[in-house]
Amino acid sequence: MEHIFNLLYVVMAIINFSRTNGTFCSLQGEPAYPQLSKHGDIIIGGILPFHSRWDVTNMSYLVKPPPVKCMSLDFRAFQFSQSLIYAIEEINNSSSLLPGVSLGYKIYDSCTSTAIGVRMAMTLVNGNENSDLDEPCSKPAQVQAIIGETYSSVSMAIANSIGPLSVPVISYYSTCECLSDKRKYPSFLRTIPSDYFQSRALAEMVKHFGWTWVGAIRRDDDYGNSGMAAFTEAAVELGICLEYSIPFFRTYSQEKVLRIVEQVKSSTSRVIVAFVDTWDLDILVHAFFKNNVTGYQWVGTEAWIFDLELATLDKFNILQGAIGLAISQTTVTGLKDFILDINPLKSVGSAIFTEFWEALFQCTFTKQNKSKDKPVCTGEEKVSEVENPFTDMSLMPIFSNVYKGVYAVAHALHDLLGCTQTCPTKKQPDPFTFLEHLKRIHFKTKEGDEVYFDKNGDPAAKYEIINWQTHKEHQYEFVSVGLYDSTLPFHNRLTVNMASIVWAKNSNQVPVSVCSESCPPGTRKAVQKGKPICCFDCIPCAEGEISNMTDSVTCEQCTQDYWSNPYRDKCVKKETEYLSYEETMGILLTAVSVIGAIMAITIAILFFRYKNTPIVKANNSELSFLLLFSLNLCFLCSLTFIGQPSDWSCMLRHTAFGIIFVLCISCVLGKTIVVLMAFRATLPGSNVMKWFGPPQQRLSVLAFTLIQHYKEKIILECNLGSNVAFWAVLGYIGLLSLLCFILAFLARKLPDNFNEAKFITFSMLIFCAVWITFIPAYVSSPGKFTVAVEIFAILASSFGLLFCIFLPKCYIIILKPEKNTKKQMMGKMAVK
Ligand SMILES: *[C@@H]1O[C@H](CO)[C@@H](O)[C@H](O)[C@H]1NC(C)=O
Ligand SMILES: *[C@@H]1O[C@H](CO)[C@@H](O)[C@H](O)[C@H]1NC(C)=O
Ligand SMILES: *[C@@H]1O[C@H](CO)[C@@H](O)[C@H](O)[C@H]1NC(C)=O
Ligand SMILES: *[C@@H]1O[C@H](CO)[C@@H](O)[C@H](O)[C@H]1NC(C)=O
Ligand SMILES: *[C@@H]1O[C@H](CO)[C@@H](O)[C@H](O)[C@H]1NC(C)=O
Ligand SMILES: *[C@@H]1O[C@H](CO)[C@@H](O)[C@H](O)[C@H]1NC(C)=O
């Protein structure tokens, strides 16, 4: 119904405004008179809800609607109007602000109706109460600015229709976030923070108390829904999850309420964020009590957290320990006395004043209808003798908002009129210029409160944190336990004195409301499938990974030389396990390799001394020396495996091992080929030997080794324990030794001057056996034993080669010199 009213009045207002009779305007309909007014050079308008209801009369489009009848006087509006008048008088009296310019006011009643509100706004702008037919339509707006309204929906309607005219509308109590939209409400400003800030502040507060799993009940209208939307957005940012968000309205049926109670009862969260007001909560609290749903921690908005009436209604302590935000407690000195001094009001003597007086003192002025229960008003009643909403000063912060609004207008005027000692002009500034100036105003009130508007026309948000504490039985006290200031940097905005808070169930412990307990260091969070992010499992970090914070999302890999401790919450230096020269095994292996090296050198010296004897000559002395040299290196290279490893020794040990062993096997392979070739050379008509003379032999050894060297590069490049390269080298050695073995095996039965092929076969057999057994041993032995196994394999295979190939010759050289003759050699051949 109100929408129809609204539409009707807006249409009427537009007709009013645009209907011109040539250059003159004519008034349509009844003129509207202000409830309170005073003349001045510049007028400030006010639209306040003096009545909280209106009488819906017979509406039809067939007849002109009768004037709306307003009902239910609201004392708060009188407090607001008194605050407005107080500010204006104070400015009027001030010699520093707007000197010489008198401010006046016109205050209208909106009856809490959007339609009437819009009509009064149009009236304030138009000035239709004393329309002269001579007045031109292009006259300036009647008022410089409008202070109003209480209710967001009425403010929206007013701001929407006044917007194009650029007359500022300054609200002291409309908190809806929607009003921050400057495309829709370009001339709307306010001195009360937007719900946007409140929602964020609530979310930050909930986070501060460690509640990440909460439920929410919201009023199913613009206030609750938009407030909840902003809360949800902030909550998601802060990592808070909503278990449920239930809409509720005071007109909901009994079953619906019961369903809400059941839903809350079956939930696991212990905290309820309530975006509702006193009257909604009154119904809910009763329903909760009836169903034994108690002990929840309530978090509230400014709409109910500071409400004495609700506190008296909650007889069952359902809301005990409730915590929430209230508009920061500010006061204006002198205002309380001014509000309670109604004599100036009385002197105005308007109709609204009579109604107010009768309601305030429960008396009647009209003598004809003498009702029995109401005394006749004398006009001498004392305000100090009554206690009712008019004398209750708990809304002082809102009065202060009204006061700030008026002062903002005055300061903007002061600047625009160029006032210093005096104001050079009293002419009303152009509305658009004035609005732009007003938006940028920044001043301090006499109490030291800073007043300014942000780009959305909103003030800085400051809230007080209120906690409901029971002192006497069934009696609450609102205790201020902290502050929230949105102008401060994020981490300093919220200051809470945790020790002074009394929580739900009269507890001193902060209630816990989480979906999953937090993950200790050493574990990471893993979200449960299909559940909100606040529900997770804790998974221990893998080996070599750590997490050193609670609720870590990932485990971090320890750096190269570090390893995780058993608790996986710290990286500790890797225990370097190596084969040292001090321990028995180290000493033993060192001794064996040194002995091996000495033996190789000894044999080399022996061979050198007897280098001219047939046995040395016949056995290709050049390759023999090379083989002895490389075997010597093999023994020595095993030493690099012992001792504390460093980057270069790690690289060296495998590189050296690879090169030396390949050189070794290449020599043996060369020897085998020589044997094969030598046999062919003894056959008549063959001179194969010239194809494999000493130069070719050297070349083949070099070639086999060089292929290897190319591979070594890989090892150098990927020294980071690259197993691939290591196994590649082993594979190559294996391939060469296998080839060598096959060739030697083929040649083993060939008649030889000194059957070398047989020995080579045998040595290769040992070599292969050692390295084949090495592989499983190497893979399965732990830590430093891997190294020991590798050294053992190197030594065993080296000794194998040394003994098999050289010992028989040494035996002949030293013990059987008589066999070391050319004849003996030839003879052997001759036998074959
Ligand atoms: C409504 O208006 C009609 C005529 O316009 C009248 O007859 C009727 O009595 C009115 N009803 C009320 C409740 O005023
Ligand atoms: C402002 O002061 C002038 C005199 O300086 C006075 O006539 C006028 O009534 C005052 N207005 C208000 C609203 O107090
Ligand atoms: C303004 O001045 C008048 C006369 O001096 C005084 O009665 C009134 O209380 C003053 N008003 C305020 C708000 O200071
Ligand atoms: C309500 O709960 C309390 C304890 O939680 C229990 O002692 C009491 O019997 C319950 N009352 C009803 C009506 O379920
Ligand atoms: C007085 O009573 C008459 C009829 O009894 C009624 O019409 C009138 O509205 C009443 N006046 C007031 C002020 O209540
Ligand atoms: C956690 O580890 C990081 C580095 O990994 C370090 O910067 C940080 O200080 C550690 N935090 C704690 C609480 O130990």
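As the structure is a computational prediction, the values presented were derived from the model and not from experiment. Every number for a ligand or one of its atoms is a count from 1 in the order of the listing.
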### Summary
One finds that the ligand 2 atoms under 4.0 Å from a non-hydrogen atom of Glu89 are 14 (O)
### Task
Look at atom 9 (O) of ligand 2 and say which protein heavy atom is nearest, naming residue and atom and giving the distance to 0.1 Å.
Lys38 CE, 3.2 Å
### Side chain, backbone, both or neither: the part of Leu103 lying under 4.0 Å from ligand 2 by heavy atom
backbone
### Task
Would you confirm whether Glu204, through its side chain, and Leu494, through its main-chain N or O, come within 3.5 Å as a donor-acceptor pair?
no
## Note on the structure
Filtering Asn93, Asn92, Leu335 for the heavy atom nearest atom 2 (O) of ligand 3 leaves Asn93
### Summary
A student checking ligand 3 against Glu90 at a 4.0 Å heavy-atom cut-off should list atoms 13 (C)
### Task
Applying side chain to side chain contact (heavy atoms under 4.5 Å, CB included) between Thr391 and each of Leu360, Leu340, Ile339, report the one that passes.
Leu340
### Query
With a 4.0 Å cut-off, strictly under, does atom 13 (C) of ligand 2 pick up any protein heavy atom?
yes
### Message
Using the ring pair (Phe, Tyr, Trp, His ring centres under 6.0 Å) definition, which of the options Tyr403, Phe50, Phe390, Tyr172 pairs with Phe80?
### Response
Tyr172
### Summary
All heavy atoms of Cys178 vs all of Tyr185, minimum pair found to be O-CE1, 3.5 Å
### Query
Is at least one protein non-hydrogen atom found at under 4.0 angstrom from atom 7 (O) of ligand 3?
no
### Query
Can we say Arg219 and Asp221 salt-bridge, meaning some charged N sits less than 4.0 Å from an Asp/Glu carboxylate O?
yes
### Polar side chain donor-acceptor pair, Thr333 to Glu447, under 3.5 angstrom
yes
